[in-house]
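Shown next, in structure tokens, is the structure this report addresses.
In what follows, chains are A, B, ... by sequence order, proteins preceding strands, each numbered from 1.
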Amino acid sequence: MTPFTKAVYDVVASIPKGKVFTYAHVAKLAGKAGAARAVGNALNKNTDFKTVPCHRVVRGNGKMGGYVKGTDKKIALLKKEGVIIDKERVRTSCIIDS
DNA sequence: ATTATGACCGAAG
DNA sequence: GCTTCGGCCATAA
């Protein structure tokens, strides 16, 4: 595991319940702003939502990125946690992209 | 060092 | 709205 990946995990693990981060935002908090693509790559190798709730990370436009179980399962989990979903899309109000 | 890859992003049609 | 294209970045080989 690389330092960047570790940073990404730490950030993702700090995402509050009922809210979601964008890949770009996670990248920025990880110290590598703009490395959204690299973030997705790191999450792809570790789909442990027990230690890393990767289902709380969505794309900049609110659409789903990827998920081992499929975007539908990811949406179901988010809704279950209290995140509002609009037609396969996360409500902007629930996305933390400061 | 160079090439290839991927859960991305923004602009253009 | 959606699709396509070019550009970004960290990793692996």
Side-chain angles (χ1 to χ4, degrees):
Chain A
M1 182 177 298
T2 69
F4 177 69
T5 307
K6 188 185 188 309
V8 172
Y9 284 9
D10 192 61
V11 174
V12 176
S14 74
I15 302 177
K17 181 187 173 202
K19 296 291 178 185
V20 295
F21 278 15
T22 66
Y23 289 95
H25 190 209
V26 173
K28 180 160 43 173
L29 293 185
K32 305 288 181 182
R37 206 163 188 180
V39 171
N41 206 339
L43 290 178
N44 177 253
K45 293 177 182 174
N46 307 276
T47 52
D48 256 323
F49 86 73
K50 283 181 177 289
T51 56
V52 181
C54 47
H55 58 275
R56 291 185 188 160
V57 185
V58 296
R59 291 179 59 159
N61 59 347
K63 197 73 166 66
M64 291 300 128
Y67 199 58
V68 187
K69 287 301 202 173
T71 56
D72 19 331
K73 291 292 182 182
K74 189 166 173 179
I75 292 173
L77 274 171
L78 290 173
K79 281 173 58 179
K80 196 172 174 183
E81 300 220 326
V83 178
I84 309 302
I85 307 294
D86 291 315
K87 302 295 182 183
E88 315 282 308
R89 208 168 300 242
V90 180
R91 183 182 280 182
T92 315
S93 315
C94 300
I95 303 176
I96 303 176
D97 194 3
S98 329

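Here the side chain of A:Arg91 pairs no donor or acceptor atom with the backbone of A:Ile84 at under 3.5 angstrom.
Among the atoms of the strands shown, none is found under 4.0 Å from any heavy atom of A:Thr22. Residue A:Gly65 is classed as a sugar-phosphate contact, given heavy-atom separations below 4.0 Å to backbone atoms only.
Counting only residues at least two apart or on different chains, the ring pair (Phe, Tyr, Trp, His ring centres under 6.0 Å) pairs with a member in residues 31-53 of chain A are A:Phe49-A:His55.
Under the side chain to side chain contact (heavy atoms under 4.5 Å, CB included) test applied with A:Leu43, the options A:Thr5, A:Val52, A:Asp48 reduce to a single match, A:Val52. Exactly one residue among A:Ile75, A:Val20, A:Val58 makes a side chain to side chain contact (heavy atoms under 4.5 Å, CB included) with A:Val83. That residue is A:Val20.
The hydrophobic cluster containing A:Ile96 does not contain A:Val90, counting ILVMFWY residues as joined when their side-chain heavy atoms lie under 4.5 angstrom apart, directly or transitively.
On the nucleic acid side, DNA chain B contacts chain A at distances under 4.0 Å to non-hydrogen atoms, with the end points of that region at B:dG6 to B:dC9.
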Taking N or O atoms only and anything under 3.5 Å, show me the protein contacts with nucleotides 7-10 of chain C, one pair per line.
unit_1: C:dG7; atom_1: O6; unit_2: A:Arg37; atom_2: NH1; d: 3.0
unit_1: C:dG7; atom_1: N1; unit_2: A:Arg37; atom_2: NH1; d: 3.4
unit_1: C:dC8; atom_1: N3; unit_2: A:Arg37; atom_2: NH1; d: 2.9
unit_1: C:dC8; atom_1: N4; unit_2: A:Arg37; atom_2: NH1; d: 2.9

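Atoms CD1 and CE, from A:Ile85 and A:Met64 in turn, are 4.5 Å apart once rounded to the nearest 0.5 Å. Rounding to the nearest 0.5 Å gives a distance of 7.5 Å between CZ of A:Phe21 and OG of A:Ser98.
The number of heavy-atom neighbours closer than 6.0 Å to NZ of A:Lys73, taken from other residues, nucleotides and ligands shown, is 12 or below.
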